[in-house]
Amino acid sequence: MTYIQHQSGEIEKPAIKFNLSAFLDYFIPPEVQVQPDAHRRARMFMLSHAFGPLLGNVIPLYLHFIVKIQMDYRFWIFLISVMVFWVYPFALRVTKRYQILAFISVQNLIFCILWACYSYGGIYSPFLSWALIIPLLAFFYLPATGTIRNILLIQIFGSVGVFGALVVGGFTFPAVDLSQFQLIGIISTLSASIYVVMMALYFANVFREQGEFQRELGSLMATADNMINLTAAAQQATTAKADFITSMSHELRTPLNAVIGYSQLLLEDVDEKADAVFARDVERIHGAGTYLLRLVDDVLDFSKLEAGKMLSHASAGSLSEMVGKIASDITEHVTSNTYTLECDIKPSNAPLNADWQTLKKAIHHLIYGIVADGAGGAIRIQARENQGNIAVRITDPKIRDNETQLAGLFDVFSNDSDASATKYGSVGIAFALSLKFAHLVGGKIIVETDIKGRRVFALTIPANAAGDAAQAAA
Amino acid sequence: MINVLIVEDNELNRDMLQRRLQRRGYSVVSAVDGPQGIEMALSGAPDIILMDVALGDMDGWEATRILKSNEKTRHMPVIALTAHALESDRQKSVEIGCADFETKPISLDALIIKIEKHVNRTV
């Protein structure tokens, strides 16, 4: 509620101004609107054509109703020459010829003022003060530079010059009773002044808006600069983090390799001595060390993937051979955790170009994630080539009743590592990492539940026939 | 008996690998850095060299390059031992002239297969 009140209070004023601008812009051609200077001038043009005749008409109306002047051709020409200004906005909207219309409008203005002076008092006409607004409006409408300025000056001084020549040359102006025009003289001067003030106010407003716009632009630029700096800092922080994790995991690997190597050394000893309890203990050290090393490698890979430091390498290979190798490389891990592997690979016709190393990591991490559950059973790997993709389906043998377990599976450390978790901790980042590997090569993983309630991980990565790549390279 | 030279700066890794290979019937000597490794390759004439790539001042790549540019040591097969299974490391080992490539933690059985393969090839 507070928000709405605040909003309406803020917006009310500019909304009215915006409507006026929208009204003025309705008549202005789009190609003029895109040039800020020309647009501002066109708005002045529109403003004076929309509201100018309201002020200008005061004079013929006064002459008609108060002075009760004769309704002859002089009156009608004067009235029409004022009223015709209302036609210009529509002419502009239809013809889109702003410059020509501006010149014609200036000439129209000169004519209507000089005609009023000619008809009603000559050099003593009370309407002569309107001549002031001619140059004002002319240079509001059109830029005061080059040819355009010269044309306007010729228009103004040419017309006024002709009128002056008539006066000086002793031309007989139509006879009028000047005493009738005393009051209209004052009104006329006032109207002209109001007109000039109105235009000046509008112009001042334009300047103010321009200033505000400049300030806003400045603050936007500052914000943009700030954002760029923040982004750079964030990028730097990510890189720094990745560098830290890289060097840290290097440091961790060395002692871990020693733990693994020496426990292997001991295991080789025990084989000879056949001490079952001792062998089991050493095997546990070895198993824990190997798992810890895998976690260190996972964190390293994860950090590299996040920092964009992991690259994709495609190479040619046969689907059945490659996936067969990928499966056999992880068989030991699977079998030592009471699982087995079943492979169903449909051989592809030709060798495929794909990032096999990344495919291997994605598949292995899916299997690490499945095996971490510890329930045991046969993990099924199906692989097919499918319309420019390698499609691998990995089925987790565990039957689950709850489908919501799928949500959040690929988030880091927020998986369903429940009480059934395992010899060596939770799923960790295995699924999350698997998805990141898939994304690295433009692939995806979809997890679904089959009819029996088993999770099926559908991994797809792009691949093309190895021949195509060779042709493209040639 | 096959003579193996291990070039490895980490004491534990060196000791561990040396003992495990000795137990499998190899004659093993070891060097703690690149320059010592080159010296021992020249003086000891090993049948095969296991080169850790992440050595101190002179890294394993550089040491291998020197061995490969020397008439007396050029023929000795070098197996690069790297910390990660990076594609870039694999490519580099081929470029420099390593006979093979093995990632730590070392699987002894896999390493022995590689040693036998390359020693028999040179003999």
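Order of the sequence lines fixes the chain letters, A, B, ..., with proteins taken first and strands second; residue numbering starts at 1 for each chain.
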Neighbourhood of chain A inside residues 106-115 of chain B, taking heavy atoms under 4.5 Å as contact
Ile106(B), Leu108(B)
Selection residues 3-28 of chain B - residue pairs positive for ring-ring contact (aromatic ring centres under 6.0 Å, His included), sequence neighbours left out
none
Check whether Leu265(A) gets within reach of chain B through its side chain, its backbone, both or neither, counting any heavy atom under 4.5 Å.
both
Please tell me if the side chains of Val7(B) and Leu50(B) come closer than 4.5 Å, counting only heavy atoms from C-beta onward.
no
If you measure only the distance, is there a donor-acceptor pair under 3.5 Å linking the side chains of Thr254(A) and Asn10(B)?
no
Considering residues, nucleotides and ligands other than Glu321(A), do more than 12 of their heavy atoms fall under 6.0 Å from its CD?
no
So, do Asp33(B) and Met58(B) sit near enough that their side-chain heavy atoms are less than 4.5 Å apart?
no
Which atoms of Leu300(A) come close to chain B, meaning under 4.5 Å heavy atom to heavy atom: side chain ones, backbone ones, both, or neither?
side chain
Can you name the salt bridge (Lys or Arg N to Asp or Glu O under 4.0 Å) partners of Arg14(B), sequence neighbours left out?
none
Please enumerate all residues that pass salt bridge (Lys or Arg N to Asp or Glu O under 4.0 Å) together with Arg280(A), with sequence neighbours excluded.
none
